[in-house]
Amino acid sequence: MDILVGLNPQQQQAVLAGLGPVLVLAGPGSGKTRVLTQRVAYLISTLGVHPYSILAVTFTNKAAREMESRVQHLLGEPQSRGLMMGTFHSICARILRREASQLPFNSNFVIYDTDDQLALVRQALEELNMDDKRNRPASIHAAISFAKNELHLPDDFPVQDYRSEIISRVYRRYQELLLTNNALDFDDLLLWTVHLFDQFPATKEKYARLFEHILVDEFQDTNQAQYTLVHQLSSFHRNLFVVGDIDQSIYRWRGADYRNVLRFESDFPDAQIILLEQNYRSTQAILDVAMAVIKPHPHRAPKRLFTSRGSGEIVNLVETTDDREEANFVVKTIAGMIQTKTAKPGDFAIMYRTNAQSRLVEEEFLQHGLRYRLVGAQRFYGRREIKDLLAYLRLVHNPADELSLIRALNTPPRGIGNKSFIQLKAFAQQVKLSPGEAILSIAKDTQSAVSSSFPQRSVTAIAHFGDLLTSWRAKVDELPPLQILDNLINDINYRSYIDDGSPEGEDRWENVMELRRLASEFQQPGLGAFLERIALVSDQDTLAESNDAPTLLTLHAAKGLEFPIVFIIGLNDGTLPHARSLDDMEAMHEERRLLYVGITRAKEKLYLVYSQMRSSFGYSEPAIRSRFIEDIPESLLQIKTTDDAQLGIGIHKPKDNWGFSSAKSSAPILHNRFSAGNRVRHSKWGEGLVLNSVLSDDDEVLDIFFESVGLKRVAASLAKLEILTDH
DNA sequence: CCTTAGTCATTTTTT
DNA sequence: ATGACTAAGG
């Protein structure tokens with residue numbers, strides 16, 4: 001049977017495991033994706049299971065798509081049609097749309113992102129006359145989210161003290177607000193689905209009978225709600241196949257509980273347990289470091305990792321002077337290896353603890369004129385122009401969405417301000433409609449609004465907006481998302497609003513074009529699928545398909561991926577482990593696991609990098625190297641310093657008396673355009689005095705003292721500088 | 001109603 | 001250092 005070709009005995013055992021519960025404990029790089037894929041193929045082709053009777057839960061939607069295409073490839077074309085695959089969140093969204101008639105929202109619900117969720121918490125606080133300074137919205141929201149993941153509804157939210165009383169009341173109001181907006185937050189998707197199955201046993205039974213086989217990846221990162229859901233869905237057939245690795249559990253902070261793996265063993269005492277220990281990804285040198293890092297972790301089942309890939313190159317531990325130099329080291333090293341053809345640009349990954357750390361590295365890439373790809377959904381969807389247009393689309397899809405209405409109503413400005421909106425809300429309440437629906441009714445019949453003490457001017461403006469909304473909605477079931485998007489971009493003249501001809505304006509328009517490209521992937525009429533995809537994109541989903549450039553990503557986003565050459569930067573106490581976990585044992589253990597995940601992403605080469613100084617909030621402070629480094633025996637490491645001559649890729653830099661390093665080493669190709677003593681004018685910062693000018697790579701780096709902002713370091717090619725005096 | 005200057009908080013990690 | 005939010009002016 002060619003489904004088993006190339007699998008080791010343990011992998012085969014997993015693929016062929018019989019009916020009933022199965023727990024696969026899979027170390028990093030042990031081929032668990034292959035096992036999952038081949039098992040699905042095996043179920044369909046050999047056991048004759050219908051694809052639509054199989055539910056496979058993956059950690060990202062991208063992983064689901066990949067698995068689907070691999071299964072298809074194994075089986076030959078159409079046999080895999082109907083497979084239910086996706087993340088917990090996207091699967092729940094599908095179920096909820098189908099079953100919305102039994103629930104207090106309709107199937108056009110929108111999924112609120114983090115910003116919307118916070119806005120709603122703020123609104124709840126305000127309505128309850130609570131101070132949002134004393135009660136931080138973010139922390140209240142975290143508490144609500146935590147409660148939801150533990151399946152606590154407002155009614156059974158445990159109230160023990162003053163703070164939980166506050167949270168309980170905000171939670172209750174927050175939940176009401178979501179429903180009036182016909183909106184769900186991320187946690188609701190899980191919560192409502194569990195609730196649905198609880199309240200309507202017949203519905204639960206329908207799905208439990210449907211899914212003969214359920215497969216769950218990354219089981220160590222499920223939370224209480226997801227665990228319950230898996231139980232409900234597998235309650236009929238009990239064919240539950242879960243794959244996980246406690247050592248790789250990194251989402252405790254969002255409610256995940258690796259003890260679900262242990263709970264599985266006790267809840268299903270008859271479960272077959274299969275251990276995958278052979279690693280097919282990394283060299284032994286990398287695995288040894290990984291095991292040294294994870295070894296001190298308490299209460300873990302000791303797992304041996306072994307590889308047949310040979311010992312490989314020793315792992316590098318690199319000390320740099322500060323974080324700027326850290327970034328410089330990484331990019332220089334990469335540039336060097338690309339130049340000497342030691343590696344391809346797509347072979348590299350740079351991993352860090354916090355998103356903020358990407359910036360210095362990005363700047364360094366820019367300086368070197370190298371392309372890179374950045375993993376992170378927030379960066380794109382957080383942009384103003386994207387949020388604007390999505391607000392319009394969501395409103396067209398679901399007029400009850402008040403948050404989107406507020407955003408769309410006055411972008412671009414059309415004379416409907418706060419006052420008019422308050423009047424609108426009052427009017428809407430009178431006629432028992434949501435504000436969005438009220439606008440539609442005003443467009444139809446201006447008189448009703450005028451008569452209820454609305455100034456004529458705002459009625460006209462609102463009616464105009466209502467006409468637009470009505471016209472878009474009229475075609476929403478006929479046109480694909482791209483058409484709807486284009487229509488509204490035209491109708492509101494959006495380009496002239498955001499693109500003023502400046503470079504920033506062009507960037508904004510570029511982003512709109514990117515959104516159009518995303519929309520064009522959806523051919524079917526209707527906005528539901530498109531909006532849902534956007535709401536539930538994971539960071540990994542944004543990873544561009546073409547991998548011909550180094551990848552920048554957080555350690556969290558790196559989960560499940562692999563790269564030939566990996567740099568893990570910022571290995572300093574306070575960064576990794578993060579300062580926020582210093583006083584929490586469990587959190588500290590999770591930081592260790594996070595580093596373990598990062599290390600085990602590497603196939604050939606690994607660089608662990610830290611620096612003596614780190615800057616945060618703009619100030620540079622001394623830092624000590626990560627405590628986790630101390631757990632690695634020195635014999636496993638090649639220790640380097642960037643002022644070490646042996647490194648020799650031009651990282652060595654003499655220090656000038658400002659404490660800045662200046663790279664005079666590279667042969668100057670250009671001439672200095674500026675010199676110390678020049679007075680210059682900068683478009684934003686005004687006049688300044690050049691203190692120092694240094695040629696670096698193919699640019700001129702200037703230290704300038706501006707009257708307005710003080711000392712700045714700029715690249716002459718980027719900052720448009722005008723010389724005021726000549727010597 | 002929209003622009004601007006000043007204040008302030010912000011740094012985990014993400015569906 | 002940067003950006004988001006608030007209060008005052010056009």
Side-chain angles (χ1 to χ4, degrees), chain A residues 57-63 86-93 111-115 117-119 122 132-133 136-138 141-142 145 148-149 184-191 218 221-223 225-226 249-256 351-360 363 375-379 381-382 384 409-421 457-458 461 532-542 553-559 570 574-582 584 587 590-591 593-595 597-598 614-620 709-713:
Chain A
V57 184
T58 56
F59 203 68
T60 64
N61 291 302
K62 185 164 175 266
T87 61
F88 274 109
H89 288 91
S90 68
I91 287 162
C92 286
I111 299 164
Y112 272 176
D113 66 21
T114 310
D115 285 349
Q117 293 169 31
L118 279 179
R122 281 201 197 89
D132 69 349
K133 292 271 176 338
R136 307 215 154 276
H141 179 262
S145 172
K148 286 184 170 185
N149 286 325
L184 270 62
D185 67 15
F186 298 128
D187 307 312
D188 276 344
L189 294 169
L190 309 170
L191 183 66
E218 307 283 6
D221 278 323
T222 53
N223 62 30
Q226 290 163 338
S249 123
I250 53 174
Y251 284 99
R252 188 185 85 101
W253 49 273
R254 72 177 203 210
M351 303 176 186
Y352 36 79
R353 177 63 236 267
T354 64
N355 282 307
Q357 288 171 265
S358 74
R359 218 162 111 184
L360 288 172
E363 282 172 15
V375 179
Q378 193 48 37
R379 282 200 151 66
Y381 293 103
R384 194 186 75 211
L409 199 52
N410 229 3
T411 30
R414 43 171 80 83
I416 309 169
N418 216 332
K419 262 210 173 112
S420 308
F421 187 71
R457 227 180 71 202
S458 27
E532 180 171 311
R533 160 82 87 81
I534 285 175
L536 297 180
V537 276
S538 70
D539 272 6
Q540 272 188 24
D541 292 329
T542 66
L553 75 180
T554 63
L555 287 161
H556 282 89
K559 169 166 163 154
T575 308
L576 180 63
H578 195 271
R580 299 284 267 251
S581 55
L582 255 32
D584 178 344
E590 183 149 306
E591 300 288 307
R593 298 194 292 266
L594 192 55
L595 175 57
V597 167
R614 292 217 142 253
S615 44
S616 59
F617 296 95
Y619 294 100
S620 200
V709 287
L711 186 62
K712 288 280 177 188
R713 167 166 290 194

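Numbers restart at 1 for each chain; the letters A, B, ... are given by sequence-line order, proteins then strands.
For dT14(B), the OP1/OP2 oxygens have a side-chain nitrogen or oxygen of Thr554(A) closer than 4.0 Å.
For the pair Asn149(A) CG and dT14(B) P, the interatomic distance rounds to 16 Å; values are reported in whole Å. Look at CG on Asn223(A): it is 13 Å from C1' on dT14(B), rounded to the nearest Å. Counting to the nearest Å, the C1' atom of dT13(B) and the NE2 atom of His556(A) are 4 Å from each other. At whole-Å resolution of the value, CG in Leu555(A) and P in dT13(B) are 11 Å apart. As rounded to whole Å, 13 Å separates atom C1' of dT14(B) from atom CG of Asn61(A). Rounded to an integer number of Å, the gap from Lys62(A) NZ to dT15(B) C1' is 16 Å. The CZ atom of Arg254(A) sits 6 Å away from the P atom of dT15(B) (whole-angstrom rounding).
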Can you pull every protein N or O that's under 3.5 Å from an N or O on nucleotides 4-11 of chain B?
| residue | atom | partner | partner atom | Å |
| --- | --- | --- | --- | --- |
| dT11(B) | O3' | Arg580(A) | NH1 | 3.3 |

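Although no hydrogens or angles enter the test, the distance criterion places no donor-acceptor pair under 3.5 Å between the side chain of Gln226(A) and the main chain of Leu190(A). Remark: the backbone N or O of Asp185(A) is not paired with any side-chain donor or acceptor of Gln117(A) at under 3.5 angstrom. No donor-acceptor distance shorter than 3.5 angstrom exists from the side chain of Tyr352(A) to the backbone of Leu555(A), with no hydrogens or angles considered.
With distances taken from any side-chain atom of Ala557(A) to the nucleotides dT14(B), dT15(B), dA1(C), the minimum falls on dT14(B). Comparing atom distances between the Asn355(A) side chain and each of dT14(B), dT15(B), dT2(C) picks out dT14(B) as nearest.
Shown here for Ala535(A) and Ile111(A), the closest heavy-atom pair between the two residues is CB-CB, 3.7 Å.
Shown here are the side chain to side chain contact (heavy atoms under 4.5 Å, CB included) partners of Ala138(A), two or more places apart in sequence or in another chain: Leu118(A).
The aromatic rings of Trp253(A) and His556(A) lie perpendicular to each other, with more than 60° between the two planes, well past the 30° mark.
Using a 4.0 Å heavy-atom distance criterion, Arg359(A) is classed as a sugar-phosphate-only contact.
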